Chemist: 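Let me begin by handing over the structure; questions about it come next.
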2 protein chains.
Amino acid sequence: MTGSAAGSGWRDAEGKALIDYPRPSVAVDVAVLTVQTGRLHVLVVDGPRGGNALPGSFLRPGERLAEAAERALRTKAGLVGADFHQLAMFDAPDRDDRGWVLSMAHGATLPRDELPVDAELVRVDGRTVSEPLAFDHADMVSRAVDDVRARYARRIDPSGLLPDTFTVLELRRLYEAVFDRPLPKDSFRRLVIDAIEPTGRMSTSGAGRPAELFRRSGDAELPAGASGLLTV
Amino acid sequence: MTGSAAGSGWRDAEGKALIDYPRPSVAVDVAVLTVQTGRLHVLVVDGPRGGNALPGSFLRPGERLAEAAERALRTKAGLVGADFHQLAMFDAPDRDDRGWVLSMAHGATLPRDELPVDAELVRVDGRTVSEPLAFDHADMVSRAVDDVRARYARRIDPSGLLPDTFTVLELRRLYEAVFDRPLPKDSFRRLVIDAIEPTGRMSTSGAGRPAELFRRSGDAELPAGASGLLTV
DNA sequence: GTAATAGTGTCTATCAGACACTATGTT
DNA sequence: AACATAGTGTCTGATAGACACTATTAC
């Protein structure tokens, strides 16, 4: 337990003061996912050894992991307002050749238009990034995709990739991008219709009949069978 | 990224060598779940401040988190052979009054008869432990329950809570314990029957018609709708 | 035989998926 | 008018859940 030893005076079974053990550096890396041209993409930055890498940072004293992740995105990509989800701690002792560095991978999601116009995005095929990334960052992207799919299968656009109001078509296009598969128009509508709130307003559509605008309903969950429709 | 700075000579934006930042202690805590008398229970040990706590340990140099978790279980509870799953990093700066300690919560699962006979078990109601635990360990238990349910909804007894062969009744009793709700006998059988392998052998039952013994099938997954049946 | 449990046939309500149809806008 | 997209009615096949029935053991 976190509470079994350490602190000045605490000693382990062999009599060694636990506080004296060398401590690892702790880092955070963030896979920022977005949707561009109907496909999932991940934000990358220049890595320390060249090549692409996920934005990340070292944890500072007293800081929480989510704060470090927010700081990394702000300083390295000019991003604010993402919501972070812990994915996994990557802890292979040799994963970073500069020393013993544990890294907590985070997933985040932002609409394309909240990213800088010159942000470098790499396409995600299925659940894997389409070109190599530094370190174990490609594995982190896969975990981020799994996480965003699991969350989107439970609720309607929980990370706000769409604007406040949207049509059912826009919502379906988003889900087709997230789950990387076509979704039948009528079944999809019936699946989500009870989990979104109609606004009276209509979309100023380009062509064809205008579609009604909906907004996310506070806490509405998708039916349990939704994961079947989405992931099969 | 984990690779943006640090190492001798690397400096952050303010010119401070990142390697010089104070580093947190990193610990692991393990919520070992088991089934006793048809209910989920969690293994606890004596905490450093009295009261019950999850077994845990500090991470040692070069060690992986799973190794630290295995060592914690071996030295504090005499357990071997559990499979660990990372749950979340608990990182509140004040979660441990002895210093800055991050703890990676792990979930593990073992059959009751692989635990010591005198192991102290606390019942789990729903997804919360039925009595207070030290630190944030009660939250860890909830996460462990969520994790084991998610894994059991995808596959048949992936953690081997049952012996190598088992009857459909034994499997159903296990799932009723894990999901904390009664499951209809016939629907449950039809749900799992294609994901387990019949052995020719029959259970030496106490009373009634003998039941066939099955074994886990290598990779068989439960249908996607299973989560509906199990969690609704 | 009775008791007890294993396993199956069947009916119903629900729902995904497909298809076609109607509705309402633009040009 | 033609065209395009929104939204709905309806049929079908699959299946969860309920129920009853048959099957096979112990006593």
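Here is the naming used below: chain letters follow the sequence lines, and residue numbers restart at 1 for every chain. Treat the numbers as computed from the prediction; the structure is a model and nothing was measured. The basis for the numbers below is simple: all heavy atoms, side chains too, and nothing from hydrogens, waters or symmetry mates.
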Chemist: Rounded to whole Å, how long is the line connecting atom OH of Tyr175(A) with atom C1' of dA16(C)?
Modeler: 18 Å
Chemist: Inspect the contact between Asp164(A) and Arg215(A) and indicate whether a charged nitrogen and a carboxylate oxygen are less than 4.0 angstrom apart.
Modeler: no
Chemist: Under 30°, 30 to 60°, or over 60°: which ring-plane class applies to Phe135(B) and His137(B), parallel, tilted or perpendicular?
Modeler: tilted
Chemist: Check this for me: does any side-chain nitrogen of one of Arg39(B) and Asp125(B) sit under 4.0 Å from a carboxylate oxygen of the other?
Modeler: yes
Chemist: If you check every side-chain atom of Glu212(A), which of dG7(D), dA6(C), dT24(C) has the closest atom?
Modeler: dG7(D)
Chemist: Where the side chain of Pro184(A) is defined as all heavy atoms beyond and including C-beta, which of dT5(D), dT24(D), dA18(C) is the nearest nucleotide?
Modeler: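 My answer, after comparing the listed nucleotides, is dA18(C).
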Chemist: Whole-Å distance between dT5(D) C1' and Arg172(A) CZ?
Modeler: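 Rounding to the nearest Å, CZ of Arg172(A) and C1' of dT5(D) are 11 Å apart.
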Chemist: So if I take residues 214-222 of chain A and measure heavy-atom distances to DNA chain C, which residues fall below 4.0 Å?
Modeler: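 Result for residues 214-222 of chain A: none.
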Chemist: What heavy-atom pair brings Thr109(A) and Arg151(A) nearest, and what distance separates the two atoms?
Modeler: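 Heavy-atom minimum between the residues: OG1-NH2, 3.6 Å.
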Chemist: If you draw a 6.0 Å radius around CZ in Arg112(B), do more than 12 non-hydrogen atoms from other residues or ligands fall strictly inside?
Modeler: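 Above 12, so yes.
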Chemist: Could you say whether Pro210(B) or Leu191(B) is positioned toward the 5' end of DNA chain D, judged by the nucleotide with the nearest heavy atom to each?
Modeler: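 Final value for this comparison: Leu191(B).
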Chemist: Check Thr34(B) against Pro111(B) and note the closest heavy-atom contact, atom names and distance.
Modeler: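 Minimum heavy-atom contact is OG1-C, 3.4 Å.
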Chemist: Both Gly208(A) and Leu213(B) contact DNA chain C. Taking the nearest nucleotide for each, which residue is further toward the 5' end?
Modeler: Leu213(B)
Chemist: Which sits closer to the 5' end of DNA chain C, Pro223(A) or Arg189(B), going by the nucleotide each is nearest to?
Modeler: Arg189(B)
Chemist: dA18(D) P sits how many Å from Phe188(B) CZ, rounded?
Modeler: 15 Å
Chemist: Can you tell me how far P of dA16(C) sits from CG of Leu183(A), to the nearest Å?
Modeler: 12 Å
Chemist: Between Glu176(A) and Arg172(A), is there a side-chain N and carboxylate O pair less than 4.0 Å apart?
Modeler: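 Between Arg172(A) and Glu176(A) there is a salt bridge, with a charged N closer than 4.0 Å to a carboxylate O.
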Chemist: Write down the atom of Met89(B), the atom of Met104(B), and the distance for their closest heavy-atom approach.
Modeler: SD-N, 3.5 Å
Chemist: Given atom CZ of Arg201(A) and atom P of dG25(C), what is their separation to the nearest angstrom?
Modeler: 16 Å
Chemist: Figure out the CG/P separation between Leu171(A) and dG7(D), and round it to whole Å.
Modeler: 12 Å
Chemist: Is it true that, when you exclude Asp113(A) itself, more than 12 heavy atoms of the residues, nucleotides or ligands shown sit nearer than 6.0 Å to its CG?
Modeler: yes
Chemist: Side chain of Val168(A) only, heavy atoms from C-beta on: which candidate in dG7(C), dG7(D), dA16(C) is closest?
Modeler: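 For the Val168(A) side chain, the nearest candidate turns out to be dG7(D).
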Chemist: Identify each atom pair where a protein N or O and an N or O of nucleotides 19-22 of chain C are less than 3.5 Å apart, giving names and distance.
Modeler:
| unit_1 | atom_1 | unit_2 | atom_2 | d |
| --- | --- | --- | --- | --- |
| dC19(C) | N4 | Asp186(A) | OD2 | 2.2 |

